[in-house]
Amino acid sequence: MNIFEQTICELTASVLNSADESVTWEPCVLNKLVEQPPNPEMGDYALPCFSFAKSIRRSPVQIAKELAEKLQSILSPGSAVTGIQAAGSYLNFTVSAVAMAEEVLPDIFNGSYFKEPSKIALERVMIEYSQPNTHKGFHVGHMRNVALGDSLTRIYKYNGYDVVGVNYIGDVGAHIAKCLWYYRNHNTETPPKHFKGEWLGKLYSLAVKKLDDAEGQEKIQFQHEVSQILQKIENKDREFTEEWEMTREWSMNDFHEIYEWLDINFDYIFYESEVDEEGRKIVIEGEKNGTFERSEGAIGINLEAEELGFFMLLKSDGNTLYATKDLALAQRKFDKFGVKRSVYVVGSEQTLHFKQVFATLKRMGYSQVEHCFHLPYALVTLPDGKMSSREGNVILFSQLRKEIIESIQSVHLLEHRMDWTKQELEETAQKIAVAAIKYGMLNQDSNKQIVFSMKDWLVSEGDTGTYLVYAYVRIRSIGRQISCKVNTDVDYSLLTHPNEKKLLRQLLDFNRTILICGEQYRPSILARMLYDFSKDFSRAYNTCSVKHAKNKKLQAARLLLFHCVAETLLQGLHLLGITPPERM
RNA sequence: GCACCAGUAGCUCAACUGGAUAGAGCAACUGACUUCUAAUCAGUAGGUUAUAGGUUCAAGUCCUAUCUGGUGCGCCA
């Protein structure tokens, strides 16, 4: 509740309570009803009167009218609330722009506004995301996960949580055996110098193809060879372990390079290979004490009571499954990291799996499971269907990155190539590309499918990440051209333009929006808000010139406002994982 | 077959979780560059919110059924 909502709710509550003593309205209850009118001319805050109708026993329209009259009569002349009007069943309040400006601009200028949410120290939250498999290419579908998880991590940190952002690398399993089988027996190429992991991904899909295409005796032979490799890796055969470690490193190098380019930092990295044994022990122990049961040679848990069927935990050959490892991983998160809340950013195709994992953990006695949350997101698909590393029909992340960079450089940065350093040109292209990619992944709700088409990602107009960083750059450019320094000793009453007021309102609501984003696990709300904010700025930029302001006083006030817009935009972009360039 | 997710302008998406006249971007059309960098702005046009019922002061939003697309459903991850 900000100062204006507080005033509105307290005033209204006092009038309501004096009119009818049978019911007491608390200001905080009223605050939950407060909305924003559909257009700014109607007012800044709206209070629907439907819920008062029951106790007052009059129509909402009548109540709104009466409340408006009474409120107007008790309004003090110097109040921040300058207007109260009834409009149908709504009560609309207008707040003066000066009061808004005085409330928010100084705090943004000195930076305290952005530290406000983190003042309350909240519980430890672990956010697990990315989870790429080694020996497979990192494709654009993986990017959606990374953008979501990273943004969520930043939002939770901003909101005051003790966040541990973690990665969980899939470095064991049959896909690796297949890849190494092909690498040893059929590969003729020498590994490239760069993107060796991507190259392994190519070998993997070739391996799958070769295995699928083989027939008769040859097929049996191939399958035997692959399973032998899998066994040798599991038995820690020295020769194969070395090869596994070497190729795993190739993939990890690829991943690290991508994360660095994207400015993604994990606090901790788990590997499937390190929870493999732990998982097996948990399951075997669980079977002994009766939590789990043996069925058709395998071990699992009957979750019929939860309507989740039978959940397999260990294969009949004694080998571990994804589920096996997830149990061990969860145990580590709870026991070693003391996690109170645990978020899994994983594709929606695994919704059932996580319901089963959580139900199993609950049966094992982990009460923390109440605070485990699977954040699902829909797939990034190709126009002709699902992307699959197995089949090799993927758009690699490196390809998207390359094409976006080339597009930015050739279409827009060409004009600067004579007067900017090579380094600035490259860094600028990189920052814009990151903005375009991350914003593109975050600006729509995570449960909506994205059909990937390269040409859509090369667009730099309209509702794009480029638009947001462009807005930021415009403001910074103003600052460079005005000789006076930004300061808060300005006449706030000069910011009277509707476009200026819209910006003030955005600034006022910024922290609350981020709080909602976190609690709802939806960075898309932030992305959308920042787009609207940038749009409001662009309008103000075209109507409220700083350079050509009528006088120095107005110039100073606008300079402060736009400076605060830039600072807020910077914070918001940062929470999406985006760092804008200073010029472009 | 069962379960989950989605269906809103020609296309891609919003709609503060049940509230006022359903909003943006792209594409189309009209207008604004000796500029605070046009990667922008102003405007026009575009809708029976998949369909049919229901719940209530109020439904794109909740309930039921149907249709369409996607994703899962015991030895993959």
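Note on naming: letters A, B, ... go to the chains in the order of the sequence lines (proteins, then strands), and numbering restarts at 1 for each one.
- Side chain to side chain, A:Glu582 and A:Tyr472 meet the donor-acceptor criterion of an N or O pair below 3.5 Å.
- Distance CD (A:Glu461) to C1' (B:rU40): 10 Å, rounded to an integer number of Å.
- Here A:Leu321 lies in heavy-atom contact (under 4.0 Å) with sugar-phosphate atoms only.
- The salt bridge (Lys or Arg N to Asp or Glu O under 4.0 Å) contacts involving residues 30-52 of chain A comprise A:Asp44-A:Lys501, where partners must be two or more places apart or lie in separate chains.
- The A:Glu349 side chain lies nearest to B:rU71 when the options are B:rA39, B:rU71, B:rC73.
- Between the side chains of A:Asn302 and A:Glu293, no donor-acceptor pair is found at a separation under 3.5 Å.
- Base engagement by A:Ala298 is indicated by at least one non-hydrogen atom pair under 4.0 Å involving a base atom.
- Among the atoms of the strands shown, base atoms are found under 4.0 Å from some heavy atom of A:Gln350.
- Residue-level contact check: A:Cys49 touches neither bases nor backbone, having no heavy atom under 4.0 Å from any strand.
- Contacts with RNA chain B (heavy atom under 4.0 Å) in residues 497-514 of chain A: none are found.
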> Based on Watson-Crick and G-U pairs with both distances under 3.5 Å, what dot-bracket line describes RNA chain B 5' to 3', crossing pairs as [ ] and inter-strand pairs as |?
Replying inline: (((((((..((((.....[...)))).(((((.......))))).....(((((..]....))))))))))))....
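- Proximity of the aromatic rings of A:Phe358 and A:Tyr344 is defined here by a centroid distance below 6.0 angstrom, and this criterion is met.
- Remark: ring of A:His412 stacked against base of B:rA39; centroid gap under 5.5 Å, plane tilt under 30°.
- When the C1' atom is compared between B:rG60 and B:rA6, the two are found 14 Å apart, to the nearest whole Å.
- The phosphate of B:rC76 (OP1 or OP2) has a side-chain N or O of A:Lys315 nearer than 4.0 angstrom.
- A:Phe311 comes within 4.0 angstrom of no nucleic acid atom, judged by non-hydrogen atoms across all strands.
- Using a 4.0 Å heavy-atom criterion, one finds that A:His548 contacts the sugar-phosphate atoms exclusively.
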Between the protein and nucleotides 41-44 of chain B, list every N/O to N/O distance that falls short of 3.5 Å.
from	atom 1	to	atom 2	distance (Å)
B:rC41	OP1	A:Tyr467	OH	2.4
B:rC41	OP1	A:Lys535	NZ	3.2
B:rC41	O4'	A:Asn542	ND2	3.2
B:rA42	OP1	A:Arg539	NE	2.5

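- Residue A:Glu415 is out of contact with every strand shown, counting any heavy-atom pair closer than 4.0 Å.
- Contact annotation: A:Lys386 reaches the phosphate of B:rG72 (side-chain N/O to OP1 or OP2, under 4.0 Å).
- With its glycosidic angle more than 90° from 0, B:rU49 is assigned anti.
- Counting any heavy atom pair closer than 4.0 Å across all strands shown, A:Ala53 reaches no nucleic acid atom.
- Across all strands shown, A:Asn133 has heavy atoms under 4.0 Å from sugar-phosphate atoms exclusively, and none from any base.
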Between the protein and nucleotides 54-62 of chain B, which nitrogen or oxygen pairs come in under 3.5 angstrom?
none

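- Remark: the A:Ser295 side chain and the B:rG74 base include a donor-acceptor N/O pair separated by less than 3.5 Å.
- With C1' as the reference atom, B:rU49 and B:rU21 are 15 Å apart, rounded to whole Å.
- Nucleotides B:rG25 and B:rC41 are separated by 8 Å at their P atoms, to the nearest Å.
- Distance alone, capped at 3.5 Å, is enough to place a donor-acceptor pair between the A:His374 side chain and the A:Val346 backbone.
- Here B:rA77 presents its P atom at 16 Å from CD of A:Glu128, a figure rounded to the nearest Å.
- Using a 4.0 Å heavy-atom criterion, one finds that A:Val469 contacts no nucleic acid atom at all.
- Of the listed nucleotides (B:rA20, B:rA39, B:rA77), B:rA20 has the atom at the smallest distance from the side chain of A:Pro38.
- The gap from the P atom of B:rA15 to that of B:rA50 amounts to 15 Å, rounded to the nearest Å.
- Taking only side-chain atoms of A:Tyr470, from C-beta outward, the nucleotide of B:rA24, B:rA39, B:rG74 with the closest atom is B:rA39.
- Considering all non-hydrogen atoms of both residues, A:Cys517 and A:Leu526 come closest at SG-N, 3.3 Å.
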Between the protein and nucleotides 12-17 of chain B, list every N/O to N/O distance that falls short of 3.5 Å.
from	atom 1	to	atom 2	distance (Å)
B:rC13	OP1	A:Gln444	OE1	3.2
B:rC13	OP1	A:Gln449	O	3.2
B:rC13	O2'	A:Arg528	NH2	3.1
B:rA14	OP1	A:Asp445	N	2.8
B:rA14	OP2	A:Lys448	NZ	2.6
B:rA15	OP1	A:Arg522	NH2	3.0
B:rU17	N3	A:Gln520	NE2	3.3
B:rU17	O4	A:Gln520	OE1	2.8
B:rU17	O4	A:Arg522	NH1	2.9

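- In this structure, the ring of A:Tyr521 has its center less than 6.0 angstrom from the ring center of A:Phe373.
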